[in-house]
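Notes to accompany the following structure.
Computation of the quantities below employed the complete heavy-atom set of this structure, encompassing side-chain atoms and omitting hydrogens, waters and symmetry-equivalent molecules.
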Amino acid sequence: MFGSTVLEVAIGLTFCYAAVALIVSTVQEAIASLLRLRARTLLEGVKTMLNDPNYSALARALYSHALVNPHDDGTAADERALKFKPSYIEPKLFAIAMLDTIQSLPGDWVQLGRDIDAIGDEQVRRALHSIYQQANGDLARLQAGIAGWFDSAMERVSGAYKRKSLMVSLALSLLLAILFNIDSIHLFRTLWQQPALAAQLTVEALDKGGVKALTTLPIGWQSFPATVDSAFAMQVAGWLLTASTALFGAPFWFDLLQRTVQIRGTGEKPAQQSKEKRSAARPVGVDQNA
């Protein structure tokens with residue numbers, strides 16, 4: 001009994017957190033797509049990498065290149081005039097576009113070195129000059145070096161974007177927890193006293209819809225607004241606990257839910273267990289109908 005109660009409570013909590021994470025990730029993805037956050041972050045990353053915050057030098061030249069921004073006509077005078085902003089740039093194509101942008105005489109290795117030395121920004125010039133020297137006349141090595149430089153810069157941009165995304169996820173999940181009163185402490189207590197509430201929870205039920213799935217759990221407001229007292233402090237703690245679980249991401253909770261549901265599915269039914277115990281208790285050879 002104790003083991004089954006623990007399992008049902010674990011399934012109920014995991015189900016709740018998976019639903020919250022699913023809703024948060026869906027809303028966050030919709031916001032990112034609507035505001036084109038990835039494209040804007042990439043542009044800011046390129047501007048930072050090339051020390052071109054005003055979008056007036058190398059960054060503008062690169063975003064005018066067809067290999068970097070194939071959907072734009074390349075005539076934008078500033079970033080606000082850009083009709084299209086790519087959300088991803090292939091490092092190899094970035095390297096080719098960079099060389100096309102800075103070199104004045106394609107195919108001339110010596111002239112390429114002079115073109116690099118003519119770059120106005122000192123940091124960019126030093127970075128490209130170092131890659132140029134290490135390539136030692138090998139164009140493929142030069143392109144690979146520039147691509148690696150771009151990859152390294154974008155890893156830092158990606159890390160900053162992920163940190164911002166985590167903060168947005170935390171804010172959205174806290175808002176959801178308050179809106180639906182998803183109090184983890186209250187949920188745990190209720191499921192512990194009534195484990196049957198989680199008996200029908202499955203991964204398939206969660207796939208049908210996050211908000212609808214949440215309504216099957218003991219959440220929601222019974223009276224609003226809440227009275228500010230010691231119980232309300234516990235309620236706030238429950239909201240914060242719920243919000244923090246969204247930081248693990250929906251895939252983590254989906255996988256955990258699937259595992260816990262599988263564990264419940266492998267257990268024997270109580271009726272079957274009782275029947276086997278009765279059979280084991282009878283002596284061998286005794287008529288069962290007797």
Any donor-acceptor pair under 3.5 Å linking the side chain of [X] with the backbone of [Y]?
X: W221; Y: I178; answer: yes
X: W192; Y: V6; answer: no
X: S152; Y: G148; answer: no
X: D72; Y: F84; answer: yes
X: S158; Y: M154; answer: no
X: R125; Y: I116; answer: no
X: D138; Y: A140; answer: yes
X: N51; Y: D121; answer: no

Checklist entry - More than 12 non-hydrogen atoms from neighbouring residues, nucleotides or ligands closer than 6.0 Å to CZ on F248, yes or no? => result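 Not buried by this count: 12 neighbours or fewer within 6.0 Å.
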Item to check | Heavy atoms from other residues, nucleotides or ligands near CZ of R38 exceed 12 (cutoff 6.0 Å) | outcome: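 It does not: R38 CZ has 12 such atoms or fewer within range.
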When hydrophobic residues are tied together by side-chain contacts of less than 4.5 Å, even through go-betweens, does [X] share a cluster with [Y]?
X: L240; Y: L247; result: no
X: L179; Y: Y17; result: yes
X: Y161; Y: I89; result: no
X: I131; Y: L139; result: yes
X: L170; Y: L166; result: yes

Next on the checklist: Does L191 form a side-chain contact (heavy atoms from CB on, under 4.5 Å) with E8? I'd like the steps, not just the answer.
Outcome noted: CA-CA 8 Å; L191 289 176; E8 294 301 338; over 6 Å; no
Item to check | Minimum side-chain heavy-atom gap H65-N69 below 4.5 Å | outcome: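 Of all side-chain heavy-atom pairs linking N69 with H65, none is under 4.5 Å.
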Checklist entry - Do L50 and M98 come close enough that some side-chain heavy atom pair is under 4.5 Å? => result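 Answer yes - side chains close enough.
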Interatomic spacing from [atom1] in [X] to [atom2] in [Y] - rounded to 0.5 Å:
X: I102; Y: L112; atom1: CD1; atom2: CG; answer: 5.5 Å
X: I119; Y: L128; atom1: CD1; atom2: CG; answer: 4.5 Å
X: M49; Y: F94; atom1: CE; atom2: CZ; answer: 4.0 Å
X: L37; Y: L42; atom1: CG; atom2: CG; answer: 12.5 Å
X: S104; Y: D115; atom1: OG; atom2: CG; answer: 3.5 Å
X: L58; Y: K47; atom1: CG; atom2: NZ; answer: 14.0 Å

Item to check | Q111 and Q103: CA distance, side-chain angles, deciding distance, side-chain contact (heavy atoms from CB on, under 4.5 Å) verdict | outcome: CA-CA 8 Å; Q111 181 59 41; Q103 64 184 352; over 6 Å; no
Item to check | R259 and D255 ion-paired at < 4.0 Å | outcome: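 Salt bridge present between R259 and D255.
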Item to check | Salt bridge present between E79 and R40 (N-O < 4.0 angstrom) | outcome: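 No.
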Checklist entry - Is the W109-Y132 ring centre distance short of 6.0 angstrom? => result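 Centroid separation for W109 and Y132: below 6.0 Å.
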Item to check | Residue from V27, L22, V20, T26 passing side-chain contact (heavy atoms from CB on, under 4.5 Å) with V24 | outcome: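 With V24 as partner, side-chain contact (heavy atoms from CB on, under 4.5 Å) holds for just one option, V20.
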Next on the checklist: Regarding N181 and Q235, do their side chains bring together a donor and an acceptor under 3.5 Å, going by distance alone?
Outcome noted: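 Judged by distance alone, the side chains do pair up.
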Checklist entry - Strictly by modelled atom types, are T14 and T260 linked by a side-chain donor-acceptor pair under 3.5 Å? => result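 No, T260 and T14 have no side-chain donor paired with an acceptor closer than 3.5 Å.
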